[in-house]
Amino acid sequence: MTGPHCLVTGATGYIGGRLVPELLDSGHRVRCLARSPERLRDHPWAGRAEVVRGDVTDAASIASALRGIDVAYYLVHALGTGHDFEDRDRTAARIFAEQARAAGVRRIVYLGGLTPAGIPPRDLSPHLRSRAEVGDILLASGVPTTVLRAAVIIGSGSASFEMLRYLTERLPVMVTPSWVGTRIQPIAVRDVLRYLVGSASMPPEVSRAFDVGGPDVVTYEEMMRRYATVAELPKRLIVRVPMLTPRLSSHWIGLVTPVPRALARPLAESLRHEVVCDEHDIAEWVPDPPGTPIGFDRALDLALQRVREADVTTRWSSASLPGAPSDPLPTDPDWAGGSLYTDRREIAVGASPAALWKVVEGIGGDNGWYSFPLAWAVRGWLDRLVGGVGIRRGRRDAARLRVGDSLDFWRVEEIEPGRLLRLRAEMRLPGLAWLEMYADPAPDKETDRRTDAETGPGRRTLYRQRALFHPHGLLGHMYWWSVSPFHSIVFGGMARNIARAAERLDEG
């Protein structure tokens, strides 16, 4: 039996991009509304969902998008678009509410912010005040509405998680504002998604707001300390300074983390008041399976696992802002899931893909690493000195590799025979490192100006090499920048010498 037909607004954003595959996997039909549908083209679920162009401030496009829809997810907000974002949020919510009622939508589902009890709207931060107002507008629409009110969402790539992560990792000693003593009830992104999906099947008589949170009530200071523990960082020294206002805090957050000040300020302002759930009534309609809601430490561990595996599905910066000069490609790693430093090399090789792959698969051990042998040896010695595995482990087989093989101080993490070798570093590092090597057929002659006499007709191959480093704390960032001046010699020389070795092999 086919589930309800759902419209997801904000599908290019952090929550929307994760909600779509969850709805699809639950048997729902999904239509996505996006200002730029092409930004959804490369998502893994793109072929399973309908994508339409539109904007929540354009009544005509909303009316068209809502045609035939049973459940409409409202996951957009104008935060970070300027001082008038409250007016934009208000206008968009009214348009959406009116068009949803006119289209006969059975339910609206909205993810808002958890507001502190007993605080009048005028005393709330503009961010929380706007979130609350949007929820009220949708509840007054005449369409049964579910408003989920969440505080800090913990998940790889979320703005709250990244702010917490960067502050804790980069600052072993922190001078913090007084709001770090505010009590908060964070929630794992997996639970948020579970409640969102479950809300689609609520009966029509249910139209109300629900507080949603995890089982832990903590202060922001405790969140930082517990993050340090879960991430296996040294204990952090935290000193509170009352004169650090939200505005000053936003400058400080923007300096230390990738979260821009325009987003950092409303997040900081939202932490001035206690945000703790008053009820857990949502469980009556969306029951909690065993082990849920997920605890704070487990949510951190799950998020960090995604970051370490470079498997961050969406991020806070996935959503574009109106008027932005440009948007990142859907596949652009940028800093998704945290800092990810990259060294890329690409060379057109006058050899067959088979010859290049043979060199790639034979790397390490007695064959070495094709550049600056002394540097690799010294790195191995240093690793041994600090208790690491060093570079002496060699390889199991001189010619063939398989997933799980040790290869000097690397381990084979992934292999696609004839095309890709991905190695994960096992040396002692202040972070995580990978080395990827690709052997691909060169797309056309425009990629290389060398003649057939130089390269051999019909035998040209593209060698691509990528070294990635995910730093662990401030020391990790310092490590990357201290060794980056040598990358041209080590990684550049490696790419050139691998190409030459493949050409010699092909000639022989």
Side-chain angles (χ1 to χ4, degrees), residues 4-17 19-20 23 28-40 49-113 115 121 124 126-150 196 199-200 202 204 207-209 266 318-324 327:
H5 197 181
C6 302
L7 175 73
V8 177
T9 63
T12 59
Y14 177 72
I15 293 294
L19 175 62
V20 172
L23 290 170
H28 301 343
R29 292 174 293 154
V30 178
R31 177 185 297 161
C32 301
L33 177 77
R35 289 195 306 271
S36 304
E38 59 274 9
R39 297 186 69 238
L40 297 175
E50 179 189 2
V51 180
V52 298
R53 187 182 302 275
D55 191 292
V56 289
T57 60
D58 177 14
S61 67
I62 290 298
S64 177
L66 287 169
R67 195 170 295 123
I69 290 296
D70 301 310
V71 180
Y73 286 89
Y74 192 77
L75 303 174
V76 295
H77 59 88
L79 182 64
T81 60
H83 65 279
D84 61 343
F85 79 90
E86 289 184 85
D87 291 335
R88 295 190 188 198
D89 274 342
R90 186 180 304 115
T91 299
R94 285 174 177 166
I95 290 172
F96 194 83
E98 291 168 0
Q99 297 303 322
R101 183 177 57 197
V105 171
R106 291 197 289 105
R107 176 164 298 278
I108 296 172
V109 182
Y110 169 62
L111 177 61
T115 52
L124 294 175
H127 165 56
L128 282 183
R129 185 170 59 236
S130 180
R131 289 296 186 93
E133 183 183 14
V134 168
D136 290 341
I137 291 171
L138 297 176
L139 284 167
S141 66
V143 177
T145 298
T146 302
V147 174
L148 302 178
R149 308 193 315 160
L196 284 168
S199 294
M202 282 186 175
S207 185
R208 53 163 289 189
S318 295
S320 61
L321 301 178
D327 291 324

Sequence neighbours excluded - salt bridge (charged side-chain N to carboxylate O under 4.0 Å, His left out) pairs with any residue from residues 133-147: R90-E133
[X] side, atom [atom1]; [Y] side, atom [atom2] - distance, nearest 0.5 Å:
X   : Y   : atom1 : atom2 : answer
I62 : L66 : CD1   : CG    : 6.0 Å
L19 : C32 : CG    : SG    : 9.0 Å
E86 : H77 : CD    : NE2   : 13.5 Å

For F96, ring pair (Phe, Tyr, Trp, His ring centres under 6.0 Å) partners two or more places apart: Y74
Are [X] and [Y] packed together at the side-chain level, in the sense that at least one heavy-atom pair is separated by less than 4.5 angstrom?
X    : Y    : answer
P4   : R106 : yes
R131 : Y110 : yes
L75  : V8   : yes

Any residue meeting side chain to side chain donor-acceptor pair (under 3.5 Å) with T145, in chain and number order, not counting sequence neighbours: none
Listed partners of T146 passing side chain to side chain donor-acceptor pair (under 3.5 Å), at least two apart: R107
Qualifying residue for side chain to side chain contact (heavy atoms under 4.5 Å, CB included) with V134, from V76, D89, L139: D89
Shortest non-hydrogen separation from G68 to H5 and the atoms involved: O-ND1, 3.3 Å
Heavy-atom closest pair, residues V20 and A11: CG2-CB, 4.2 Å
Report all side-chain donor-acceptor pairs from residues 97-105 shorter than 3.5 Å, counting only partners two or more places apart or in another chain.
residue: R101; atom: NH1; partner: S141; partner atom: O; Å: 3.3

N/O donor-acceptor pair under 3.5 Å between T91 side chain and D87 backbone: yes
Check: G10 main-chain N/O paired with Y73 side-chain donor or acceptor under 3.5 Å: no
Residues that A65 engages under side chain to side chain contact (heavy atoms under 4.5 Å, CB included), provided they are two or more places apart: L7, L33, V52
With sequence neighbours excluded, residues passing side chain to side chain contact (heavy atoms under 4.5 Å, CB included) with T57: D55, A92
Residues which pass salt bridge (charged side-chain N to carboxylate O under 4.0 Å, His left out) with R31, listed by chain and number, not counting sequence neighbours: E50
Any residue meeting salt bridge (charged side-chain N to carboxylate O under 4.0 Å, His left out) with R149, in chain and number order, not counting sequence neighbours: D211
Side chain to side chain donor-acceptor pair (under 3.5 Å): pairs with one or both residues in residues 59-72, sequence neighbours excluded: D58-S61
